[in-house]
Asks: 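Sharing a structure here in structure tokens format.
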Amino acid sequence: MTADETTPLARELADLTRRRQALAAQELPLPGSTRVFTVANQKGGVGKTTTTVNLAAALARAGAKVLVIDLDPQGNASTAIGVEHRADTASVYDVIINDEPMAAVVQASPEFGTLYCVPATIHLAGAEIELVSLVAREQRLRTALETFLEGSPEPYHYVFIDCPPSLGLLTINAFVAATEVLIPIQCEYYALEGLSQLLSNIQLIERHLNPELTVSTILMTMYDSRTNLANQVVQDVREHFPEQVLDTLIPRSVRISEAPSYGQSVISYDTNSSGSLSYREAAAEIAHRGAPR
Ligand code: ADP
Ligand code: MG
């Protein structure tokens, strides 16, 4: 400890500096083939969208080519990376329901040169019902994404699909299109409630629709180190899922929550804030771990 690390604030600043330097010093490995993640949890407000956009932005910032597919009619992921999603914008709805090629609706995010987005508009709200009567209703996103990835001149390294807070047909389409599931879990008392239902749904998908699907990653969000409860929840989840839980915990952070109102990820909005550093560290862990075998 140096002389200027004697106050809590000075220590915190020194800690942020160390973390920033550690991130700057490492180069993230790029996967040999596209890793497709579905970010899912049927609970709302646990950090799915925040996690989707910030991991995507962090990986893009580190040089990966990344696609975010917004599958929530709210369109929050599109907003958060500055991508147009008015009612008349060509969107994931047109892909899933009208067989529009994904290449026709993809937009570049102004955030980073290698970040792209398939936006969601309010039309997607009706898709849950419209899908019921369509042929191969569970496979529509997968087919569209496969065609898109095959036709992409430069390969994508990562795809993140942001799910709505339900286990309906849109989420099923996401599970069928992905190989990895990332579950954000909020560090609060009811965190594990509903998790077994989510996991048994994923198992059903794996058995019947997508044998390649694995829950590879669990990320603890909105962590507040001052509460015993948060620490207890983290400990419980780590005991249940020792392989999947990332070491990085995402803190509760004002910067994280205010970034979307500027149409930005926290990675570009305030890149060296503690929230941004945490998402960059989580992204680095994901990159270093690689795809599960
Ligand atoms: P979901 O997509 O699961 O519904 P969101 O990502 O939209 O959840 O997050 C819910 C709310 O919590 C949003 O207002 C978001 O800005 C806020 N939030 C998410 N993560 C954090 C965090 N680490 N710190 C502070 N606020 C957060
Ligand atoms: Mg969301």
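Every number for a ligand or one of its atoms is a count from 1 in the order of the listing. Computed from a predicted model, the values in this text were never measured in an experiment.
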Asks: Salt bridge (Lys or Arg N to Asp or Glu O under 4.0 Å), that's the test. Do R255 and D270 meet it? Break it down for me.
Replies: CA-CA 7 Å; R255 303 308 251 173; D270 191 354; 2.7 Å; yes
Asks: Consider every N or O of R252 and every N or O of ligand 1, then say whether any pair is closer than 3.5 Å.
Replies: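 No; the residue has no nitrogen or oxygen that sits under 3.5 Å from a nitrogen or oxygen of the ligand.
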Asks: With only distance considered, is P260 within less than 3.5 Å of ligand 1 through an N or O on each side?
Replies: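 No.
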Asks: In ligand 1, which numbered atoms sit nearer than 4.0 Å to a non-hydrogen atom of P251?
Replies: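 Heavy-atom distances to P251 below 4.0 Å select 22 (C), 23 (N), 24 (N).
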Asks: Can an N or O of G45 be found at a distance shorter than 3.5 Å from an N or O of ligand 1?
Replies: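 Yes - when backbone and side-chain N and O of G45 are compared with those of ligand 1, one distance drops under 3.5 Å.
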Asks: Under 4.0 Å, heavy-atom basis, I'd like to know which part of I250 is in contact with ligand 1: side chain, backbone, both or neither.
Replies: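 Only the side chain of I250 comes within reach of ligand 1.
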Asks: Quick one: closest heavy-atom pair of D70 and A120, and the distance?
Replies: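 Nearest heavy atoms, D70 then A120: O-CB, 3.3 Å.
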Asks: Does the protein place any heavy atom closer than 4.0 Å to atom 11 (C) of ligand 1?
Replies: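 No, there is no protein heavy atom closer to it than 4.0 Å.
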Asks: Is atom 8 (O) of ligand 1 less than 4.0 angstrom from some protein heavy atom?
Replies: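 Answer yes: something from the protein, a heavy atom, is under 4.0 Å.
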Asks: So, does T89 use its side chain to make a donor-acceptor pair with the main chain of S91 at under 3.5 Å?
Replies: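 Flag not set: sc T89 to bb S91 has no pair under 3.5 Å.
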Asks: With a cut-off of 2.8 Å, does any N, O or S atom of T52 fall short of it relative to the Mg ion (ligand 2)?
Replies: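 No, outside the cut-off.
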Asks: If we ignore angles and hydrogens, is there a donor and acceptor under 3.5 Å between the side chains of Q139 and T143?
Replies: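 The criterion, which ignores hydrogens and geometry beyond distance, is not satisfied for T143 and Q139.
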Asks: Using a 3.5 Å cut-off on N or O atoms only, is Y279 in polar contact with ligand 1?
Replies: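 No, no N or O pair falls under 3.5 Å.
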Asks: State whether a side-chain donor-acceptor pair under 3.5 Å links H288 with Q26.
Replies: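 Yes - a donor-acceptor pair under 3.5 Å links their side chains.
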Asks: From atom 20 (N) of ligand 1, work out which of D224, T50, N41 has a heavy atom at the shortest distance.
Replies: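 Among D224, T50, N41, the closest heavy atom to atom 20 (N) of ligand 1 belongs to T50.
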Asks: Quick check against the 3.5 Å criterion: does T221 have a side-chain atom that pairs as donor or acceptor with the backbone of V46?
Replies: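 Yes, the answer is positive, given that a donor and an acceptor are paired below the 3.5 Å cut-off.
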Asks: Give me the atom names and distance for the closest heavy-atom approach of I97 to A127.
Replies: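 So the two residues come closest at CD1-CB, 4.0 Å.
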Asks: Quick one: does N98's side chain have a donor or acceptor within less than 3.5 Å of a partner on Y93's backbone?
Replies: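 Answer holds: no.
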Asks: Measure across P184 and N41 and return the closest heavy-atom pair with its distance rounded to 0.1 Å.
Replies: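 Smallest heavy-atom distance, with atoms named: O-ND2, 2.9 Å.
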Asks: Measure the distances from the heavy atoms of P165 to every atom of ligand 1 and state whether one is below 4.0 angstrom.
Replies: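 Under 4.0 Å: no for P165.
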Asks: Would you check if there is a donor-acceptor pair between the side chains of T248 and E281 at a distance under 3.5 Å?
Replies: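 Judged by distance alone, the side chains do not pair up.
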Asks: Find all atoms of ligand 1 within a distance of less than 4.0 Å from any non-hydrogen atom belonging to G44, and give their numbers and elements.
Replies: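 Numbered from 1, ligand 1 contributes 4 (O).
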Asks: Can you report which non-hydrogen protein atom sits closest to atom 25 (C) of ligand 1, along with the distance?
Replies: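 Answer, as residue, atom name and distance: S253 O, 3.2 Å.
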Asks: Does ligand 1 have any atom sitting under 4.0 Å from a heavy atom of I256?
Replies: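 Yes, I256 has heavy atoms under 4.0 Å from ligand 1.
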Asks: State if G47 counts as touching ligand 1 under the rule of any non-hydrogen atom under 4.0 Å.
Replies: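 The answer is yes, since G47 has a heavy atom less than 4.0 Å from ligand 1.
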Asks: With salt bridge (Lys or Arg N to Asp or Glu O under 4.0 Å) as the criterion, how do K48 and D72 come out once you've worked through the C-alpha distance, each side chain's angles and the decisive distance to 0.1 Å?
Replies: CA-CA 10 Å; K48 288 183 292 297; D72 188 334; over 6 Å; no
Asks: Give me the residue, atom name and distance of the protein heavy atom closest to atom 26 (N) of ligand 1.
Replies: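 Of every protein heavy atom, S257 CB, 3.5 Å lies nearest to atom 26 (N) of ligand 1.
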Asks: Would you say atom 15 (C) of ligand 1 has a protein heavy atom nearer than 4.0 Å?
Replies: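 Yes.
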